[in-house]
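Since the structure comes first, as structure tokens, the remarks are kept for the end.
By convention here, the first residue in the shown sequence is residue 1.
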Amino acid sequence: MFLAMDTVFDQCSVAILDGSGKVISCQTETGKRQQTQQILPMIDAALSECQLRLADMQALIFNRGPGAFSGIRINTAVVQALSVAHDLPCVGVSSLQAIAQCAYQKHGLTQVYSALDARMQQVYFGRYVLQEQQLDDQLQGSQLENQLEASQFNNLIMQPVTNGDSAINNSDDTDGTERLLDYNSQTLLNIPIVGNGAAFLTLRDEQISHEYVWPDAVVIGQLGIVQFMTSGGTDAAQALPKYLRNQAWKTLKEQGKA
């Protein structure tokens, strides 16, 4: 069993899934004002509903960002605390990959640009395609069993494209997968743009967009399970957020903008 959570997409969402990605429990409360007060009671309620304990979980899965700083901080801190208290591994999932996965599940799109509004005249941006994970034939025992279990639905997972194909201009390419892109930029390829950041980019002729794509903890969990089965988790100290805008946690004065 896996416990997944998200407080990045202006919501508080908690889900419990089994190793095949089947949803055992899911609850989502929209809005971001009460996330700090909501998340722990929602976790307790989900475990109680399923008659499970945290000790029954194989891993804790969370939205590592990029996205709203406060939302990333909340689910990251909760996962780190629960990981230390119950000696459980953590798995961080990209918010942009979650948007792409949600677009595939809802609209059948197999190649997309994900764009999430980052404010300050920029969007968080990445490209994703439907790919099938190849099993490692060098693995044995429990590691091979984990990969075989993950492969049951792994061919339904949107994976990042890392060749640097981003946009015509104004790209701050941080790692070849996720980056900051200025408002009004235009993509190189005429493939769909999904996520609320699509409204701030310049579409090519006949390029389509889906702005209202909001993943919940189920999508976060499904991505995290595949990641855990294929490459394992991390301890709490390595369960780190990804902001992309490295000074986002500082005050405007500290950033030199006030």
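Asn184 places none of its side-chain heavy atoms less than 4.5 Å from the side chain of Phe200. Contact check for Leu60 versus Val91: no side-chain heavy atoms found under the 4.5 Å cut-off. Contact check for Ile61 versus Phe228: no side-chain heavy atoms found under the 4.5 Å cut-off. Taking 4.5 Å as the limit, some side-chain heavy atom of Gln11 sits within range of a side-chain heavy atom of Asp6. Residues Leu116 and Phe9 are in side-chain contact: their nearest non-hydrogen atoms beyond the backbone lie under 4.5 Å apart. For the pair Leu201 and Phe125, the minimum side-chain heavy-atom distance is below 4.5 Å. With a 4.5 Å cut-off on side-chain heavy atoms, Leu181 and Tyr124 do not count as touching. Lys242 is not listed as a side-chain neighbour of Leu240, based on a closest heavy-atom distance of 4.5 Å or more.
Heavy-atom minimum distance, Leu88 versus Met57: CD2-O, 3.1 Å. Scanning all heavy atoms of the two residues, the minimum distance from Ser94 to Asn63 falls at C-OD1, 4.3 Å. Across all non-hydrogen atoms, the minimal contact from Gly21 to Leu17 is O-CD2, 3.4 Å. Contact detail for Ala68 and Val8: the closest heavy-atom pair is N-CG1, 4.2 Å. Contact detail for Gly71 and Thr7: the closest heavy-atom pair is O-OG1, 2.5 Å. Here the closest heavy-atom approach between residue Val79 and residue Cys90 is recorded as CG1-SG, 3.5 Å.
Put simply, the side chain of Arg204 gets close to the backbone of Thr187: a donor and an acceptor are under 3.5 Å apart. Counting only distance, with no hydrogens or angles, the side chain of Thr76 and the backbone of Arg73 share no donor-acceptor pair below 3.5 Å.
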Next on the checklist: If you apply the rule side-chain contact (heavy atoms from CB on, under 4.5 Å), what do you find for Gln111 with Tyr128, and how did you get there?
Outcome noted: CA-CA 6 Å; Gln111 183 173 197; Tyr128 298 84; over 6 Å; no
Checklist entry - Given Ser209 and Leu203, is the side-chain contact (heavy atoms from CB on, under 4.5 Å) satisfied, shown in steps? => result CA-CA 8 Å; Ser209 65; Leu203 296 181; 4.1 Å; yes
Checklist entry - Can Asp117 and Tyr183 be said to form a side-chain contact (heavy atoms from CB on, under 4.5 Å), step by step? => result CA-CA 9 Å; Asp117 186 17; Tyr183 281 5; 2.7 Å; yes
Next on the checklist: For Ser114 and Gln97: C-alpha separation, side-chain torsions, deciding distance, then whether side chain to side chain donor-acceptor pair (under 3.5 Å) applies.
Outcome noted: CA-CA 7 Å; Ser114 288; Gln97 186 182 17; over 6 Å; no
Checklist entry - side-chain contact (heavy atoms from CB on, under 4.5 Å) between Val14 and Cys26: does it pass, once the steps are laid out? => result CA-CA 6 Å; Val14 173; Cys26 180; over 6 Å; no
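Separation of atoms CD1 (Ile191) and OG1 (Thr110) is listed at 9.0 Å; rounding is to 0.5 Å. A distance of 9.0 Å separates OH in Tyr113 from CG in Asn190, rounded to the nearest 0.5 Å. Taking CG from Leu180 and CE from Met120, the interatomic distance works out to 9.0 Å, rounded to the nearest 0.5 Å. Atom OG1 of Thr234 sits about 9.0 Å away from atom CD of Gln80, to the nearest 0.5 Å. Atom NE2 of residue His107 and atom SG of residue Cys102 lie 7.0 Å apart, to the nearest 0.5 angstrom. If you take CZ on Arg179 and OG1 on Thr177, they are separated by 7.0 Å, rounding to the nearest 0.5 Å.
The residue from Gln227, Gln101, Gln105 that alone fulfils the side-chain hydrogen bond (donor to acceptor under 3.5 Å, both in side chains) condition with Gln222 is Gln105.
No hydrogens or angles considered: nothing links the side chains of Asn196 and Glu211 as a donor-acceptor pair under 3.5 Å. For the residue pair Ser13/Gln27, the side-chain donor-acceptor check at 3.5 Å is not satisfied.
For the pair Glu178 and Arg127, the salt-bridge criterion is not met [side-chain N within less than 4.0 Å of a carboxylate O].
Note on Leu223 and Phe2: same hydrophobic cluster, where clusters join Ile, Leu, Val, Met, Phe, Trp and Tyr whose side-chain heavy atoms are under 4.5 Å apart, directly or indirectly. Transitive grouping of hydrophobic side chains (ILVMFWY, heavy atoms separated by less than 4.5 Å) keeps Val93 and Ile74 in distinct clusters. A continuous path of ILVMFWY side-chain contacts below 4.5 Å connects Leu109 to Tyr212, so both sit in one hydrophobic cluster. Cluster membership for Val84 and Val78, using ILVMFWY side-chain heavy atoms within less than 4.5 angstrom, is not shared. Both Leu96 and Met158 are assigned to one and the same hydrophobic cluster, defined by single-linkage of ILVMFWY side chains at heavy-atom distances under 4.5 Å.
Residue Asp56 qualifies as enclosed at atom CG: its count of foreign heavy atoms under 6.0 Å is above 12.
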Using residues 38-55 as the side-chain source, report each donor-acceptor pair under 3.5 Å to any protein atom, sequence neighbours left out, with the distance given to one decimal.
| residue | atom | partner | partner atom | Å |
| --- | --- | --- | --- | --- |
| Glu49 | OE1 | Ser25 | OG | 2.9 |

